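What follows is a single structure, written as structure tokens, with notes after it.
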Amino acid sequence: MNMSTNEAPRRNGVTAVHSLQHFAFSVPDLDVAERFYSEFGLDVRHSATRIDLHTFGNPHCWGSVFEVPGKKKLQFLSFGVFEDDFAPLLRQLDRVGVARTAPHPLSGGTGIWLRDPDGNAVQLITAGKVSPNEPALRASPSPRPRDRGAAPARSQAGRVHPRRMSHVLLFSSDVLRSVKFYGDALGLRLSDRSGEIIAFMHGAHSSDHHMVAFAKSAGPGYHHSSWDVASIDDIGLGMQHMVACGHVRGWGIGRHVIGSNYFYYVQDPWGSFAEYPYDIDFIAADVDWPAADHPPEDSFYVWGPPPPDYFIQNHEVTT
């Protein structure tokens with residue numbers, strides 16, 4: 001690993017994207033989206049044609065939601081590349097036969113564009129690294145007074161505000177084909193998988209256990225975005241607030257096997273999800289993660305309620 005003071009960690013001799021910089025999808029009603037993500041705890045910034053998803057205290061824009069008639073639809077993913085890696089990455093694309101495409105019409109038109117095997121638009125841009133360089137900090141335990149417990153009164157618990165985006169999970173018509181493409185073309189690395197059902201990929205230059213994941217479906221689609229929080233308490237408080245706001249469908253609280261994180265998924269108004277995760281595995285740039293193929297019946301979750309039957313439904317291909 002190569003890293004000097006104030007520099008992002010780099011895996012020596014590897015050409016790869018370093019971050020999932022941004023994602024974009026569309027919904028038929030932008031006001032509904034603004035309300036949902038504000039209630040979820042994000043810093044939502046509205047413009048005439050879209051909302052931008054920020055986390056409080058962080059200037060980075062993690063995602064955008066556009067208003068487009070019809071179904072909810074994934075529009076594009078944007079990956080960040082170190083400036084000195086950009087030309088080598090383009091040569092890598094040429095070697096594996098990936099064609100360039102026109103910029104997505106909802107984007108600003110910058111960068112290099114291509115399509116993955118499911119037809120998803122992918123943007124490559126030179127940008128600063130926003131994937132984590134080290135494991136996420138955990139919230140300090142509350143001081144325990146001598147005469148009562150450490151838990152606050154419910155009225156004093158406060159709102160939960162995620163710290164950053166962790167990853168997105170997409171539906172794919174061929175999970176292993178997607179893994180090969182994002183590995184060969186963009187330099188992402190397989191973290192773990194469960195047969196041909198689901199696979200998780202991390203960044204070579206340090207990231208969470210996954211910055212992108214793929215789940216088997218009849219076609220492409222957006223399943224969820226995941227937003228890091230500081231404690232299990234934050235997961236519970238986020239869940240409680242979303243239920244109080246009327247978002248009663250979801251899954252959790254539980255703990256995943258693959259990735260190890262605690263979780264709660266809130267179903268959004270279009271059938272996809274936003275996740276509160278805590279304590280996900282971190283893969284440093286100098287770690288060769290031992291990717292494994294896990295049996296599905298023993299790898300989805302360690303504990304928690306069983307997933308609801310609507311959890312894996314791809315509304316972008318359902319009529």
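Values reported hereafter were calculated over all heavy atoms of this structure, with side chains retained and with hydrogens, waters and symmetry mates removed. Just so it is clear, the structure is predicted and the values come from calculations on it, not from any experiment. All residue numbers in this chain count up from 1 along the given sequence.
- At most 12 non-hydrogen atoms from other residues, nucleotides or ligands lie less than 6.0 angstrom from CD of Glu134.
- Phe263 belongs to a hydrophobic cluster whose other members, connected by ILVMFWY side-chain contacts under 4.5 Å either directly or through intermediates, are Trp251, Tyr265, Phe273, Phe300, Tyr301, Tyr310, Phe311, Ile312.
- Residue pairs meeting the ring-ring contact (aromatic ring centres under 6.0 Å, His included) criterion with at least one partner in residues 94-114, sequence neighbours excluded, are Phe76-His104, Phe76-Trp113.
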Q: Start with the C-alpha gap between His224 and His167, add the side-chain angles, then the distance that decides, and say whether ring pair (Phe, Tyr, Trp, His ring centres under 6.0 Å) holds.
A: CA-CA 8 Å; His224 77 263; His167 61 267; 5.3 Å; yes
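- Every residue meeting the side chain to side chain donor-acceptor pair (under 3.5 Å) condition with Ser172, not counting sequence neighbours, appears here in chain and number order: Asp118, Ser178.
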(Q) Walk me through whether Asp268 and Arg249 qualify under salt bridge (Lys or Arg N to Asp or Glu O under 4.0 Å). (A) CA-CA 8 Å; Asp268 65 28; Arg249 286 161 65 98; over 6 Å; no
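- Aromatic pair Phe282/His209: ring centres not closer than 6.0 Å.
- Using modelled atom types, no side-chain atom of Lys180 and backbone atom of Gly183 make a donor-acceptor pair closer than 3.5 Å.
- Under the ring-ring contact (aromatic ring centres under 6.0 Å, His included) rule, Phe214 has a single partner from Phe181, Phe171, Tyr182, which is Tyr182.
- The environment of Glu39 atom CD is dense: over 12 non-hydrogen atoms of other residues, nucleotides or ligands sit within 6.0 angstrom.
- Here Phe23 and Tyr222 bring their ring centres to under 6.0 angstrom of each other.
- Under a 3.5 Å cut-off, the side chain of Asp208 and the backbone N or O of His210 do not form any donor-acceptor pair.
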